[in-house]
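Written out below as structure tokens is the structure these notes cover.
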Protein chains: 4
Amino acid sequence: MGSTPRRGDTRQRIQDVALELFAAQGYEKTSLREIAEHLEVTKAALYYHFKTKEDIVLSLFQDLARPLDELIAWGQEQPRTLETKLELLRRYSAALDTAEPMMRFVHENQATVRELRVGPIFKERVLTLSGLIRDPEAPLLEQTRSVTALFTLHARMFALQTLEGDPKDKREALLEVALDLLTQAHASSDDA
Amino acid sequence: MGSTPRRGDTRQRIQDVALELFAAQGYEKTSLREIAEHLEVTKAALYYHFKTKEDIVLSLFQDLARPLDELIAWGQEQPRTLETKLELLRRYSAALDTAEPMMRFVHENQATVRELRVGPIFKERVLTLSGLIRDPEAPLLEQTRSVTALFTLHARMFALQTLEGDPKDKREALLEVALDLLTQAHASSDDA
Amino acid sequence: MGSTPRRGDTRQRIQDVALELFAAQGYEKTSLREIAEHLEVTKAALYYHFKTKEDIVLSLFQDLARPLDELIAWGQEQPRTLETKLELLRRYSAALDTAEPMMRFVHENQATVRELRVGPIFKERVLTLSGLIRDPEAPLLEQTRSVTALFTLHARMFALQTLEGDPKDKREALLEVALDLLTQAHASSDDA
Amino acid sequence: MGSTPRRGDTRQRIQDVALELFAAQGYEKTSLREIAEHLEVTKAALYYHFKTKEDIVLSLFQDLARPLDELIAWGQEQPRTLETKLELLRRYSAALDTAEPMMRFVHENQATVRELRVGPIFKERVLTLSGLIRDPEAPLLEQTRSVTALFTLHARMFALQTLEGDPKDKREALLEVALDLLTQAHASSDDA
DNA sequence: TATGAATGAGTATTCATTCAT
DNA sequence: TATGAATGAATACTCATTCAT
């Protein structure tokens with residue numbers, strides 16, 4: 001057959017194609033017409049499954065941000081020790097493995113996402129996460145180090161391209177750099 | 001007074017308003033109508049000064065990327081020592097002080113910028129810069145550390161918001177974290 | 001009543017109105033807004049049925065050039081005798097009866113049509129037709145006479161206005177002049 | 001030197017370039033910006049020499065239609081004999097040698113020209129000319145033949161391309177065909 | 001679970017034209 | 001004899017969205 005009309009999974013297929021195009025070309029430059037054409041359905045069909053274009057993004061966020069929420073929930077139950085934070089970094093890095101397409105979309109369309117309903121939601125997640133990793137009582141330098149550790153993990157989405165090598169190796173290297181940074185942050189904090 | 005029609009500086013004013021709006025709302029969501037209204041001129045006036053919307057971005061890039069180009073030129077003439085690279089970081093941080101609006105725009109509109117004529121130009125600058133700071137012979141981990149040092153400086157454009165404190169202090173803290181990272185990269189490289 | 005919204009024939013109505021306006025005022029001077037207003041639909045409705053303004057012309061050409069294509073096909077199957085060519089003129093004259101609006105449009109907007117996608121297509125038809133009626137071996141004068149015979153039939157679209165009288169009579173007169181011209185062309189060819 | 005700024009002949013140069021572009025791409029598709037760029041002057045400079053875009057056409061017509069007017073004047077003073085009419089054709093053919101660019105422009109932009117101020121003026125010339133060549137008392141067929149003779153001379157502007165050969169030879173062939181047609185028209189008129 | 005047909009509001013861009021200098 | 005700077009009105013085209021079927 002080749003292009004057998006899949007039954008019941010249209011919603012899923014819309015999400016897949018949409019995320020792919022949004023990430024590749026940007027949210028604004030991707031029209032519903034384009035998405036529909038990729039799926040060989042009409043634009044109106046999209047509206048059967050999603051009330052608006054923005055709702056597609058919202059649904060993508062909800063599906064893909066689950067791991068992130070679980071991570072935050074876990075973090076909030078742990079003691080605020082260095083070991084907890086190191087584990088937080090390890091788990092965040094793992095979470096990014098599945099959430100990467102969505103994260104890349106958010107990362108590359110920040111100006112746009114900020115004006116979408118997911119904008120505030122997303123920002124709050126990031127703030128919470130950074131709140132879990134830094135100690136608001138610590139000196140600015142150490143807080144900076146901690147936060148840098150967190151965002152270093154995002155580098156897989158852009159600085160990654162610069163270097164050659166197996167993506168997995170690079171992710172592990174990034175994690176190691178991040179873990180180091182956090183450890184240093186704590187070391188000097190303890191000195192002071 | 002108040003709205004005295006300024007002479008001869010219209011081109012400059014277009015650039016200013018455009019960069020402001022592009023950075024605040026995104027390139028696609030900012031229409032030429034909106035820019036024109038902010039300036040109290042007609043859309044057609046914009047077209048007297050710039051051939052297309054994209055050309056406004058190009059001109060912004062050319063004006064604001066000067067410091068970056070000078071930095072790269074400087075870097076290419078220096079010996080590839082640790083001290084050179086540390087100075088590179090310091091100078092890059094300083095360069096970001098003036099280039100920040102443009103950098104923020106690029107950062108928050110990556111998906112869009114990629115499809116613009118400035119996209120490839122910009123990417124090439126970043127690659128060159130990262131080529132100046134890392135040693136392609138070094139192990140992956142150390143290269144990762146070096147590149148992370150570079151991109152850490154960009155954090156002022158987003159992670160900055162997370163922390164309280166004087167922006168200047170934060171920038172200095174970021175620079176210190178970056179310098180540390182680079183120093184470590186070299187230290188372990190030398191060990192091996 | 002009066003302006004009952006017709007069902008399913010919108011595409012056809014767009015073609016009708018467009019051809020009428022294109023022929024009357026020219027392609028460039030006829031805006032899609034104008035066509036839409038004549039039809040009491042929005043501009044966007046036109047774009048549902050045709051991808052571009054040029055595509056409207058293309059579709060008109062395809063619908064109306066059918067008789068011409070059939071004529072050419074017929075001509076290519078016949079022996080290249082005088083009688084065939086005379087019949088070709090008769091049939092061409094008849095074909096013009098239905099193709100006249102389109103032919104008038106092409107005739108009066110030559111500079112424009114030349115830059116459209118139909119331009120080359122149309123030109124090729126005319127060349128083929130003229131290739132069927134003249135003998136490339138004959139002396140220049142006789143070829144000129146033959147080609148003139150062909151184009152004389154077009155005179156109904158302009159020289160027609162000069163003379164008074166029933167349009168049908170004039171068309172018949174033109175045909176007779178054309179047939180005469182062709183006969184003479186052959187007569188003198190045979191002499192030589 | 002190479003592009004020495006010619007003094008005083010700007011008006012003439014505008015006319016030349018305008019006619020060239022109008023004929024090549026059409027009146028509507030040729031913008032004043034384009035004309036100005038070809039001449040390496042500003043659009044505003046065109047407005048120093050001509051009040052409107054249409055005025056350029058008007059001026060072209062006035063300069064180039066002179067031969068035509070003289071021809072008509074001559075024709076109106078002659079006796080309405082066959083010989084006069086044959087000479088009219090000969091002179092018209094000669095007039096076309098210089099007026100051809102303008103005639104081609106009119107011919108290929110009929111829909112546009114009709115709406116310009118030159119439209120009616122031009123039409124009147126053509127009607128007058130055709131009035132000089134046909135006999136309103138003659139049967140329709142003979143009038144048709146006479147008018148066809150006249151318009152046959154226009155064929156150099158389009159049917160010309162079809163045939164190979166020296167342009168001059170082709171023009172002479174067309175003239176001969178036209179003269180023949182007119183002679184026949186008279187012959188049969190006299191019979192009847 | 002979709003489609004065909006349409007809309008209203010918008011977009012970037014172009015044009016002929018004007019006018020102070 | 002020009003130019004620099006601008007305008008107002010238009011143009012082709014696109015988009016997210018709607019709704020009857």
Side-chain angles (χ1 to χ4, degrees), chain A residues 5-11 27-36 39-56, chain B residues 5-11 14 28-36 39-56, chain C residues 5-11 14 28-36 39-56, chain D residues 5-11 27-36 39-56:
Chain A
R6 304 159 197 75
R7 292 207 143 247
D9 62 345
T10 303
R11 197 190 137 95
Y27 176 78
E28 321 266 8
K29 285 208 70 164
T30 304
S31 68
L32 294 183
R33 176 178 56 66
E34 204 176 350
I35 297 177
L39 292 166
E40 293 180 280
V41 295
T42 50
K43 269 181 293 171
L46 305 185
Y47 279 90
Y48 177 81
H49 293 281
F50 299 96
K51 255 187 13 226
T52 67
K53 185 183 181 185
E54 198 181 335
D55 275 5
I56 302 183
Chain B
R6 301 155 199 77
R7 281 267 157 97
D9 60 346
T10 305
R11 196 189 139 96
I14 294 172
E28 322 265 8
K29 287 209 70 160
T30 304
S31 68
L32 293 182
R33 178 184 51 69
E34 204 176 351
I35 297 177
L39 293 166
E40 292 180 281
V41 295
T42 54
K43 272 179 292 168
L46 305 185
Y47 279 93
Y48 176 75
H49 294 280
F50 298 96
K51 257 187 10 221
T52 66
K53 185 182 180 185
E54 195 180 338
D55 273 8
I56 302 183
Chain C
R6 300 156 199 78
R7 283 263 157 96
D9 60 345
T10 305
R11 196 189 140 95
I14 293 172
E28 323 264 8
K29 287 210 70 160
T30 304
S31 68
L32 293 182
R33 178 183 52 68
E34 204 176 351
I35 296 177
L39 292 166
E40 292 180 283
V41 295
T42 54
K43 273 178 291 168
L46 305 186
Y47 279 93
Y48 177 76
H49 293 280
F50 298 95
K51 256 185 14 223
T52 65
K53 185 181 179 185
E54 196 181 336
D55 273 8
I56 302 183
Chain D
R6 302 159 199 75
R7 294 204 141 252
D9 63 345
T10 303
R11 195 189 140 94
Y27 176 78
E28 322 264 7
K29 286 209 71 165
T30 303
S31 67
L32 293 183
R33 177 178 56 66
E34 203 175 351
I35 297 176
L39 292 166
E40 293 179 280
V41 295
T42 51
K43 269 180 294 169
L46 305 185
Y47 279 89
Y48 177 80
H49 294 280
F50 298 96
K51 259 196 357 236
T52 67
K53 185 182 181 187
E54 197 181 336
D55 274 7
I56 302 182

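Since we're looking at a predicted model, the values are computed, not measured.
Taking the side chain of C:Ser31 as heavy atoms from C-beta on, and the options F:dA12, F:dA16, E:dT13, the nearest nucleotide is F:dA12. Considering only side-chain atoms of A:Thr42, the nucleotide from E:dT3, F:dT7, F:dG4 that sits closest is E:dT3. Relative to the side chain of C:Lys43, the nucleotides F:dT18, E:dC15, E:dG10 differ in distance, and E:dG10 lies closest.
C:Arg33 meets the salt bridge (charged side-chain N to carboxylate O under 4.0 Å, His left out) test with C:Glu37; sequence neighbours excluded. The side chain to side chain contact (heavy atoms under 4.5 Å, CB included) test applied to B:Ala44 returns B:Thr42, not counting sequence neighbours. In this structure D:Glu54 satisfies the side chain to side chain donor-acceptor pair (under 3.5 Å) test with no other residue, sequence neighbours excluded. With sequence neighbours excluded, the residues that form a side chain to side chain contact (heavy atoms under 4.5 Å, CB included) with C:Tyr47 are C:Leu32.
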Dot-bracket line, read 5' to 3' along DNA chain F, where crossing pairs take [ ] and | marks a partner on another strand, Watson-Crick or G-U under 3.5 Å: .||||||||||||||||||||
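Nearest-nucleotide mapping onto DNA chain F: of A:Thr30 and A:Ala44, the residue sitting toward the 5' end is A:Thr30.
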Derivation of the side chain to side chain contact (heavy atoms under 4.5 Å, CB included) call for B:Leu46 and B:Leu39: CA-CA 10 Å; B:Leu46 305 185; B:Leu39 293 166; 4.2 Å; yes
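In this structure, CG of B:Asp9 is placed 14 Å from C1' of F:dA6, rounded to the nearest angstrom. One can place CZ of C:Arg11 at 11 Å from P of E:dA5, the figure rounded to the nearest angstrom. Atom pair B:Ile14:CD1 and F:dG4:P shows a separation of 16 Å (rounding to whole Å applied). Whole-Å rounding puts the B:Leu39 CG to F:dT7 P distance at 10 Å. For B:Glu34 and E:dA9, the CD to C1' distance is 15 Å, given to the nearest whole Å. What separates CD1 of B:Ile35 from C1' of F:dA6 is a distance of 17 Å, to the nearest Å. Spacing between atom CD of B:Glu40 and atom P of F:dT7 amounts to 11 Å, rounded to whole angstrom units. Look at CG on B:Leu32: it is 20 Å from P on F:dA10, rounded to the nearest Å.
For the atom pair OG1 of C:Thr30 and CD1 of C:Ile35, the computed distance is 6.5 Å after rounding to the nearest 0.5 Å.
With C:Ser31 as the fixed residue, the side-chain contact (heavy atoms from CB on, under 4.5 Å) test singles out one of C:Glu34, C:Glu28, C:Lys29: C:Glu34.
At least one donor-acceptor pair under 3.5 Å links the side chain of D:Lys53 to the backbone N or O of D:Tyr27.
Between B:Lys51 and B:Asp55, the shortest heavy-atom distance links the atoms CB-OD2, 3.4 Å.
For DNA chain E, the neighbouring residues in residues 45-56 of chain D, judged by any heavy atom under 4.0 Å, are D:Tyr47, D:Thr52, D:Lys53.
Listed pair D:Arg33 / E:dA16 fails the phosphate criterion, with no side-chain N or O lying under 4.0 Å from OP1 or OP2. Considering only side-chain N and O atoms, A:Thr10 lies under 4.0 angstrom from the phosphate OP1 or OP2 of E:dA2.
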